[in-house]
Amino acid sequence: MIKGDILNITKTILILILFIVCDTYSQQFDSPATIGAASQGGFTDKFCYNATAAGGFYSQIAFSGPFGAGNQFKLELSRPDGSFPPVNSASATYLDTKTFTSTPGVFSFTIPAGTGSNTYRLRVVSTNPVITSPSSAIFFPIYYMPFNQPFTINGGVSIANICGSANLSIDNPPPASPLAFPSLKYIWTKNGITIPGQTGTSLLVNSAGIYRCEIDYGYCSTASSPTKSQNVTVNIVTGGSIFTVTSSAGNDICASTSTTLKTDPGYSYQWYYASTAGASPTIIPAATNNTYTPPLPTKAGFYSVQVGQGTCSSTSAAFELRTTDFAINLDANTKVLPNSNIIAEGSTKTITVTASPNSPNYSYEWYLDGVLLPQTTNVLTTDKAGLYKVKVKETAGCLGMKQLDFRIKFGIVSTKIPNTISPNGDEINDTWTIPQEYNSPDVEVSIINSVTGEVWKKTNYQNEWPTDKLEVKSVNPIYYYLITKNGEEISKGTITIIK
């Protein structure tokens, strides 16, 4: 009886052990694959992507169960409001795709352009089998930040004196401004407090305070973010304010010295220039800040600025800027470029340069075809053709420099061109015959009458003028000739008609 009971108990234990083993085996191979919710995995609680800097982000998942061959895990980004499109739809946004062999799996990714919201979620979709993880438990602030540097408002000026009202606007100077990205939105503050509903690129102000503009990158905008303008202190003033102009280098400067003209802060600015005290001021294009630096060489004259203050404006008194400068000229018989000086081969030409005001404090440099010549006075005598230049430098005072360029060519001088003809039909000197060098297609000959003007013109002249009979009365008539080559004068003079 006891042996039978022991046998029965043993059989029962074996059956229980087999059931447990089979159940465990079934659970091991029949449990469904699962994917946990995507998380930041301790890496970050927000994704703020600066498009101009390198770097990426990470998210991780835990998963279990059997996944088929070639299975891939795809990290999906939600719509800005945290909702997702249908699984594997064409509108789905996948940040990364990985094949994981152990859990947890870590994704790496960057942020797509145009992404910007505080309420994104993440989820993971597998491909074999096709299953979807729960959405991330929290919302993620995710921002693509195309502009990530400071910018200015109010022309970079930190004070604005306004009467009535005026707009503070984001500036658009080269090389960079957030205005290059029209989709950006902004936060405007007054005395450190956000102004509700103001998200555009300008703000109408009509009360005193300290104003600032920031790019709205949601939770990616922090106290240390660079994407802010300077503070602008707005003062409300009465109309008719008086503005003055000052010069960083004073009233009297060298033409080669730079100076910055400046006026008191207002709101908008337009600078004007007049050459003399009585001349009408003219607008200086693009001079619209509260400072203006004239280009070099600095031009003497009278500078003024009209300062807008919102609904009123005032114009400063003219500021006289005087420059110490000098001028140089070549002698009257020397032509500067683009005209050329013609000399006969073998002859010489003397060129004199004069500097004014007259002073001993000048030095002279002469160049032929870029090569410095030994001559160091204001007079040069040469028998060579080529491209010349003379540099005159002040050796005291402003130490300025002036330069003139001129060319010397070998050609036919007017002494070889006859200045009389006698068209009387005796076949001697009946036509105006000039040297053969002038008889070419690129040379034009003009004959001019002092009373009626031009009477004859021809290129490739063949010594045929006059083609008509010229009437000679008691006084021998005089004509003028002009010879040009490729549009450049090479000779001119008179022709007297004799009986």
Side-chain angles (χ1 to χ4, degrees), residues 147-181 184 186-195 198-215 225-250 258-273 281 283-295 298 302-319 321:
F147 187 89
N148 193 47
Q149 55 188 293
F151 58 95
T152 60
I153 60 176
N154 193 46
V157 182
S158 295
I159 297 176
N161 294 322
I162 294 171
C163 59
S165 62
N167 278 306
L168 294 180
S169 299
I170 296 174
D171 300 323
N172 191 24
S177 166
L179 296 182
F181 306 94
L184 292 179
Y186 301 89
I187 299 171
W188 289 85
T189 63
K190 176 185 178 183
N191 299 329
I193 300 173
T194 298
I195 303 172
Q198 298 298 322
T199 61
T201 59
S202 64
L203 174 71
L204 182 67
V205 296
N206 53 20
S207 61
I210 300 175
Y211 292 83
R212 187 174 70 190
C213 181
E214 304 176 15
I215 299 178
S225 297
T227 52
K228 301 179 178 69
S229 74
Q230 87 283 18
N231 288 336
V232 175
T233 299
V234 172
N235 303 308
I236 302 302
V237 298
T238 59
S241 300
I242 297 175
F243 293 89
T244 59
V245 175
T246 60
S247 166
S248 62
S258 179
T259 187
T260 297
L261 305 178
K262 183 178 181 180
T263 191
D264 302 320
Y267 166 66
S268 63
Y269 312 87
Q270 178 58 65
W271 288 85
Y272 292 81
Y273 170 79
I283 287 178
I284 303 174
T288 55
N289 294 319
N290 76 315
T291 61
Y292 171 65
T293 302
T298 302
F302 293 81
Y303 294 83
S304 58
V305 58
Q306 184 182 52
V307 182
Q309 296 175 268
T311 55
C312 62
S313 65
S314 299
T315 300
S316 72
F319 178 86
L321 192 61

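Quantities reported herein were computed from a predicted structural model and do not represent experimental measurements. Numbering starts at 1 and runs along the sequence shown.
Looking at Ser314, its side chain never comes within 3.5 Å of a backbone N or O of Val307 through a donor-acceptor pair. Between the side chain of Thr201 and the main chain of Ile170, no donor-acceptor pair closer than 3.5 Å is present. Listed for the Gln270 side chain is a donor-acceptor partner under 3.5 Å among the backbone atoms of Ile284. Looking at Asn161, its side chain does come within 3.5 Å of a backbone N or O of Pro265 through a donor-acceptor pair.
Looking at every heavy atom in both residues, Leu321 comes nearest to Gly250 through CD1-O, 3.5 Å. Heavy-atom minimum distance, Ser304 versus Ala317: CB-O, 4.3 Å. Annotation for Trp188 and Leu168: closest pair CH2-O, 3.5 Å, computed over non-hydrogen atoms. Closest of all the heavy-atom pairs between Ser158 and Gln230 is OG-CG, 3.6 Å. A pairwise comparison of heavy atoms in Ser313 and Gly308 identifies CB-CA, 3.9 Å as the closest pair. Considering all non-hydrogen atoms of both residues, Asn231 and Ile210 come closest at CB-CG2, 3.7 Å.
Within the 4.5 Å cutoff, side-chain heavy atoms of Ser247 are placed close to those of Leu261. Taking 4.5 Å as the limit, every side-chain heavy atom of Tyr273 sits out of range of all side-chain heavy atoms of Pro294. Side-chain contact between Asn154 and Tyr211 is absent, with no heavy-atom pair separated by less than 4.5 Å. Between Ser225 and Glu214, the closest side-chain pair of non-hydrogen atoms is not below 4.5 Å. By the 4.5 Å heavy-atom criterion applied to side chains, Asn289 and Val157 are not counted as neighbours.
Heavy atoms from other residues, nucleotides or ligands lying under 6.0 Å from NZ of Lys228 number more than 12.
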Thr260 and Thr291: side chain to side chain donor-acceptor pair (under 3.5 Å), yes or no, with the steps? CA-CA 7 Å; Thr260 297; Thr291 61; over 6 Å; no
Asp264 vs Asn290, test: side-chain contact (heavy atoms from CB on, under 4.5 Å). Steps then yes/no. CA-CA 7 Å; Asp264 302 320; Asn290 76 315; over 6 Å; no
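Of the inter-residue distances, the one linking Ile236 atom CD1 with Asn206 atom CG reads 7.0 Å to the nearest 0.5 angstrom. Distance check, rounded to the nearest 0.5 Å: OG1 of Thr246 to CZ of Phe319 gives 7.0 Å. Between the CD1 atom in Ile187 and the OG1 atom in Thr199 there is a gap of 9.5 Å [rounded to 0.5 Å]. Between the CG atom of Asn235 and the OH atom of Tyr267 there is a distance of 15.0 Å, given to the nearest 0.5 Å. Residue Leu184 holds its CG atom at 9.0 Å from CZ of Phe147, rounded to the nearest 0.5 Å. The line from OG1 of Thr152 to CG of Asn172 is 9.5 Å long, rounded to the nearest 0.5 Å.
Counted by atom type alone, Ser316 and Thr244 present zero donor-acceptor pairs between their side chains at under 3.5 Å.
Ring geometry for Tyr303 against Tyr292 counts as tilted: the plane angle lies between 30° and 60°, on a 0 to 90° scale.
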